[in-house]
Amino acid sequence: MSEAPVRVRFAPSPTGQLHIGGVRTALYNWAFARANGGTFILRIDDTDPTRSTQENIEIILRALEWAELDWDEGPLVGGPFEPYYQTKRAQVYSNALAVLIDSEHAYPCFCSAEDLASKRESNRAAGIQGYDRTCRGLSPEEARARIAAGEPHVWRLKVPLDHGPVTFHDAINGDCSFPNDVMDDFVLMRSDGTPTYNFTTVVDDADMRITHVIRGNDHLSNTPRQILVYEALGAPLPAFAHLPMINGADGKKLSKRHGATSVEQFKELGFFPDVLVNYLALLGWSLDGETTLFDRQTLCDNFSLQRINKSPATFDLAKLEWMNQRYIIELGAAAFVDALIPYLEESGLATKAEVSAHRSWFESIYPLVAERVKTMQDVCPLIAFLFSGPTVILDEQSVSKTFGKTDQACDILGAALAIIADPALNFTTEVLHDALNTIPEKMGLKVRMVFQVIRVAITGAVVSPPLFESMVLIGRDDSIARLKAAEEYCC
RNA sequence: GGCCUGUUCGUCUAGCGGUUUAGGACACCGCCCUCUCAAGGCGGAGAUCACGGGUUCAAAUCCCGUACAGGCUACCA
């Protein structure tokens with residue numbers, strides 16, 4: 001391991017949102033760079049003119065920032081190989097093409113897309129894979145004349161016919177070999193003058209001195225083609241590592257059908273970036289086979305290509321949720337409240353200003369809900385009752401399970417009311433617990449039943465955060481009001 | 001069709017020829033704790049390592065086939 005400093009890149013195509021597979025690729029590149037003191041480069045591969053949009057570029061940048069996968073070179077931060085948008089690098093590609101034309105590694109092809117499509121079937125039947133090289137034999141004079149006459153043409157790579165199988169070592173998949181005769185003279189430059197993916201990728205990776213190409217396994221079959229371009233260019237080969245794909249629960253390629261698939265969605269659902277990183281790191285890689293929860297530093301300290309496995313993984317939301325819950329439990333009140341603000345505002349429970357004004361009150365919610373939520377989105381529904389003042393909306397089912405189940409509900413509420421209305425009673429969790437605990441004994445009722453009745457009166461539902469803590473948060477006045485309201489309801 | 005790649009509990013994975021009656025985690029089930037729900041503790045079930053052949057004293061681990069899944073085969077990336 002004496003080589004040049006590691007330089008890796010994530011090169012998304014802005015044809016959609018940044019999806020799970022994309023972040024995972026970005027993450028592995030990032031982690032590999034950080035693990036090796038290398039450079040992580042972000043490059044926008046926007047050469048598909050019909051599907052790339054500015055909006056998608058922004059979404060991708062924001063998603064990466066949210067995930068805290070910071071890049072050392074690329075959009076926003078610049079770097080020695082600017083620009084980092086392929087659409088702004090036209091000159092680089094035409095220079096590269098000129099080199100290939102000069103060295104007779106590329107030739108013009110005048111076959112129209114329609115011609116090719118119509119010939120494809122018969123060629124295939126005749127055993128010809130891909131382009132049949134009709135224009136490869138054109139004389140330079142004829143080619144020049146037709147170009148001068150303005151005839152539309154693409155530029156194709158002149159694949160060496162006597163080239164043996166293309167072999168390379170993949171850091172994950174081991175030695176790979178592709179027969180040369182299945183490689184056709186693919187298009188480098190389209191008739192509209194824009195370059196194709198297999199060309200730009202190589203030109204840029206070579207130009208930007210990328211040392212390790214880490215990308216999805218769907219590119220494995222493109223690698224031999226790209227190696228041919230490296231060779232034609234006379235550029236040194238990077239190391240390759242092709243990551244296993246990520247599938248949905250049905251084993252099929254992950255798509256919208258499988259629910260949330262974009263980073264944006266996971267953010268909105270209330271997952272933390274650290275959690276998504278932790279989970280994704282484990283989709284195809286393992287720390288030691290035992291440890292599932294670890295932080296970024298641990299990931300960066302231990303990440304290695306050797307521990308990436310070859311088989312595709314299935315995305316499991318339940319495990320992600322569990323991790324997020326574990327994370328929230330470790331989060332602490334201050335960070336929790338910070339993270340909760342957008343959700344409070346969105347649900348209309350409280351504004352940012354109100355949170356600042358009653359910071360400690362909001363922080364005391366944390367221990368009541370931390371172990372009861374999987375995502376931040378779960379929090380507001382659970383605590384909405386804290387914000388409803390003197391009355392609370394009673395959940396119908398909960399009412400029938402409690403008030404409707406016993407004719408003593410009325411007495412229970414009366415007893416509770418009598419206790420907490422006593423101004424001499426300290427309104428604290430412990431005192432409330434001890435005081436209210438006398439009711440079941442006195443009335444000869446089950447503890448569980450008594451508290452469930454009170455719970456519904458206070459929180460509106462049979463499932464809630466701890467009762468006494470909730471009452472303290474609501475305050476004595478509202479607690480009394482709610483008990484009275486419930487009393488009216490069932491007495 | 002051709003060329004590639006993959007296949008260990010439902011899921012993520014450990015395993016890189018003998019230490020394995022295949023380990024951990026999520027999910028699942030039961031018990032305990034308990035004011036509900038969670039969380040937590042304890043325990044349980046769950047994988048003849050896709051299948052079939054080899055190689056070897058010995059294979060989940062090496063080789064060859066088959067099946068299934070995925071990718072590439074575009075003037076998409």
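None of the values given here were measured: they were computed from a predicted structure. Residue numbering restarts at 1 for every chain, and letters A, B, ... go by the order of the sequence lines.
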Review point. Between A/R120 and A/V373, which has a closest nucleotide on RNA chain B that is more 5'?
Key: A/V373
**Study point:** Closest-nucleotide ordering on RNA chain B, the 5'-leading residue of A/S177 and A/S13
**Key:** A/S177
Polar pairs (N or O, both sides) under 3.5 Å between protein and nucleotides 11-17 of chain B?
{"residue": "B/C12", "atom": "OP1", "partner": "A/T314", "partner atom": "N", "Å": "2.8"}
{"residue": "B/C12", "atom": "OP1", "partner": "A/T314", "partner atom": "OG1", "Å": "3.2"}
{"residue": "B/C12", "atom": "O2'", "partner": "A/L282", "partner atom": "O", "Å": "3.0"}
{"residue": "B/C12", "atom": "O2", "partner": "A/K319", "partner atom": "NZ", "Å": "3.4"}
{"residue": "B/U13", "atom": "OP1", "partner": "A/G284", "partner atom": "N", "Å": "2.4"}
{"residue": "B/A14", "atom": "OP1", "partner": "A/S286", "partner atom": "OG", "Å": "3.2"}
{"residue": "B/G15", "atom": "OP1", "partner": "A/R307", "partner atom": "NH1", "Å": "3.3"}

Rounded to whole Å, how long is the line connecting atom [atom1] of [X] with atom [atom2] of [N]?
X	N	atom1	atom2	value
A/I60	B/A77	CD1	C1'	12 Å
A/Q325	B/A27	CD	C1'	13 Å
A/M183	B/C4	CE	P	10 Å
A/M471	B/U36	CE	C1'	15 Å
A/H433	B/C35	NE2	P	6 Å
A/Q452	B/A38	CD	P	12 Å
A/R225	B/A77	CZ	C1'	13 Å
A/F451	B/C37	CZ	P	15 Å

Inter-nucleotide [atom1] distance ([N], [M]), Å rounded:
N	M	atom1	result
B/G65	B/C9	C1'	27 Å
B/U21	B/C31	C1'	26 Å
B/U48	B/U61	P	15 Å
B/U20	B/C49	C1'	12 Å
B/C75	B/C3	C1'	22 Å
B/C33	B/G41	C1'	8 Å
B/G46	B/U11	C1'	12 Å
B/U55	B/A47	C1'	25 Å

Say whether [X] and [Y], considering side chains only, have a donor N or O and an acceptor N or O under 3.5 Å apart.
X	Y	answer
A/H153	A/S191	no
A/T428	A/N426	no
A/N324	A/T375	no
A/T47	A/D45	no
A/Q86	A/D204	yes
A/D170	A/H242	yes
A/Y327	A/D274	yes
A/D185	A/Y107	yes
A/Q226	A/H219	no

Taking any heavy-atom pair under 4.0 Å as a contact, classify [X]: base, sugar-phosphate, or nothing.
X	answer
A/V187	sugar-phosphate
A/H242	nothing
A/V447	sugar-phosphate
A/P466	base
A/T47	sugar-phosphate
A/R156	sugar-phosphate
A/E114	nothing
A/N222	base

Point to revise | Reported CG-to-CG distance for the pair A/D115 and A/D132, which is rounded to 0.5 angstrom | key: 10.0 Å
Can you tell me the base-pairing partner of [N]? Count Watson-Crick or G-U wobble geometry only, both distances below 3.5 Å, and say none if there is no partner.
N	value
B/G1	B/U73
B/C68	B/G6
B/U55	none
B/C35	none
B/A25	B/U11
B/A45	none
B/U20	none
B/A60	none

Check your understanding: Is the count of non-hydrogen atoms from other residues, nucleotides or ligands lying under 6.0 Å from A/E151 atom CD greater than 12?
Key -> yes
base_contact_polar ([N] base, [X] side chain, donor-acceptor, <3.5 Å):
X	N	value
A/R448	B/C35	no
A/T196	B/C75	no
A/E121	B/G1	no

Practice item. Go through the steps for A/E321 and A/K374 under the test salt bridge (charged side-chain N to carboxylate O under 4.0 Å, His left out), then give the verdict. Key: CA-CA 5 Å; A/E321 288 177 332; A/K374 294 186 190 304; 5.3 Å; no
Give the nucleotide from the list [options] with an atom nearest to the side chain of [X].
X	options	result
A/F178	B/G40, B/G2, B/C3	B/C3
A/R326	B/A38, B/C75, B/G40	B/G40
A/S464	B/U36, B/A27, B/C75	B/U36
A/N198	B/C35, B/C4, B/A77	B/A77
A/P179	B/A38, B/U73, B/C3	B/C3
A/L220	B/C4, B/A77, B/C35	B/C4
A/F468	B/C35, B/A77, B/U5	B/C35

Exercise for review: Using a cut-off of strictly less than 4.0 Å, decide whether A/S52 has a side-chain nitrogen or oxygen near OP1 or OP2 of B/A77.
Suggested key: no
Exercise for review: Report yes if at least one side-chain N or O of A/Q129 is closer than 4.0 Å to OP1 or OP2 of B/C3; otherwise report no.
Suggested key: no
